Amino acid sequence: MSKESYDTPVSNVMTRRKDLVCASHDCSLEEANKIMQQSKKGKLPIVNDDDELVALIARTDLKKNRDFPFASKDAKKQLRVAAAIGTRSEDKKRLESLVASNLDAVVIDSSQGNSSYQIDMIKFIKETYPNLQIVAGNVVTTCQAKNLIDAGAHALRVGMGSGSICITQEVMAVGRPQGTAVYKVSQYAHKFGIPVIADGGIQNVGHISKALSLGASTVMMGSLLAGTTESPGEFYFQDGVRLKRYRGMGSLSAMEQKGSQQRYFSWVHTRVRLISDWGWDSFSGNRIKFMSLRESPGPWSIRVRSIVLFPTFLLGCSTVVRIWVRKV
């Protein structure tokens, strides 16, 4: 559009109302689709009794409905939307805004779902938003699944540490082989009509079939879809290969922001000094070397990208950490 056209009135460019093909707001979707097909227009405005625009149907909607007949849609033919929240008190306010935006389901995101915090959150949601679907987790045993089902969960996510960049097994020293977890939890959950989501460990299409055959109702994937055109992220080249940046809750990019700092107990860009020391392995009795952290403004300091706490029972030393560092 040239600069000379900026002064042109909109009325000279847009289609006049008398020439528009519109549909009334009380018509059915089938009727609206028929009007669009007969008019051979790309868009169909939906107007109310006051001739005000209230909706817009596009021909691409018809094509998508034809190409993806099994898409998850509600009674109004709109795609269903879910959002994730944590178990902190501030997440209740976030949930209030999500429900006001017509949320269909809420996913309580926690690496270990069998906690009093998540159970209390489920009970709160059930009391405050009784019609909202709740996906709880993550769990890997029937005991964990029972507690969440009893609290009111409508679906369960199964998996701990099986994701491609997940560090739950390293951080918390908990987890279970994904196949066994899906099989055991599904056996119990299906007695109550609770669907199970196999979350993590899907590296190829064969794993999808295995998860479904073991009892999962659906699968949750990250890395398998990360490089597709539709996935978010920027492309970059490494060793001549075109790649796309993959961001997850356990990735450094997420831990550098407020999104997952609290979840992984990480403090970013803290100046500390690494001090080498020796400890004892509580299981093997072998003398091992470990690193401790000290605050230091001196020349030996490094800038810690992320600190993740390990459980202290693994080693004889008081605190063990996993760190990603960058030299100052």
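What you are looking at is a predicted structure, and each value in this text was computed from that prediction instead of being measured.
No option in T141, N147, N138 other than N147 meets the side-chain hydrogen bond (donor to acceptor under 3.5 Å, both in side chains) test with N114.
In this structure, V21 and P45 approach most closely via the heavy-atom pair O-CD, 3.3 Å. Considering every non-hydrogen atom in both R17 and C22, the closest pair reads NH1-SG, 3.7 Å. Across all non-hydrogen atoms, the minimal contact from V219 to I197 is C-CG2, 4.2 Å. V182 approaches A211 most closely through the heavy-atom pair CG1-O, 3.9 Å. For the pair V139 and M160, the tightest heavy-atom approach, listed with the atom from each and the gap, is CA-CE, 4.1 Å. Contact record, V99 with L132: CG2-CD2, 4.0 Å, taken as the closest heavy-atom pair.
Remark: side-chain polar atoms of R80 are not paired, donor with acceptor, to backbone N or O of L103 under 3.5 angstrom. Without hydrogens or angle criteria, H190 side chain to P195 main chain gives no donor-acceptor distance under 3.5 Å. A side-chain donor-acceptor contact under 3.5 Å links R59 to the backbone of M36. Of the possible donor and acceptor atoms, none in the side chain of H25 sits under 3.5 Å from a partner among the backbone N and O of V47. Of the possible polar contacts, none joining the Q37 side chain to the K34 backbone as a donor-acceptor pair under 3.5 Å is found. Looking only at distances, no side-chain donor or acceptor of S24 sits under 3.5 Å from a matching main-chain atom of C27. Checked by atom type and distance alone, the side chain of D91 never pairs as donor or acceptor with a backbone atom of R94 at under 3.5 Å. With N33 contributing its side chain and E30 its backbone, the two residues share no donor-acceptor pair below 3.5 Å. S101 places a side-chain N or O within donor-acceptor distance of the main-chain N or O of S97, the cut-off being under 3.5 Å. In this structure, the side chain of Q38 does not engage the main chain of K40 through any donor-acceptor pair within 3.5 Å.
Taking the ring pair (Phe, Tyr, Trp, His ring centres under 6.0 Å) definition, one finds that Y183 meets it with nothing, sequence neighbours left out.
With hydrophobic clusters built from ILVMFWY side chains whose heavy atoms lie under 4.5 angstrom apart, I85 does not share a cluster with V107. Residues I202 and M220 are members of separate hydrophobic clusters, defined by side-chain heavy-atom contacts under 4.5 angstrom among Ile, Leu, Val, Met, Phe, Trp and Tyr. Note on I149 and V158: same hydrophobic cluster, where clusters join Ile, Leu, Val, Met, Phe, Trp and Tyr whose side-chain heavy atoms are under 4.5 Å apart, directly or indirectly. A continuous path of ILVMFWY side-chain contacts below 4.5 Å connects L225 to I208, so both sit in one hydrophobic cluster. When the side chains of ILVMFWY residues are joined at heavy-atom separations under 4.5 Å, either directly or via intervening members, L20 and L53 end up in two distinct hydrophobic clusters.
Contact check for M121 versus K92: side-chain heavy atoms found under the 4.5 Å cut-off.
Rounding to the nearest 0.5 Å places CG of D199 at 4.5 Å from CZ of R157.
A cation-pi arrangement, defined by a distance under 6.0 Å to the six-membered ring centre and an angle within 45 degrees of its axis, is absent between K146 and Y188.
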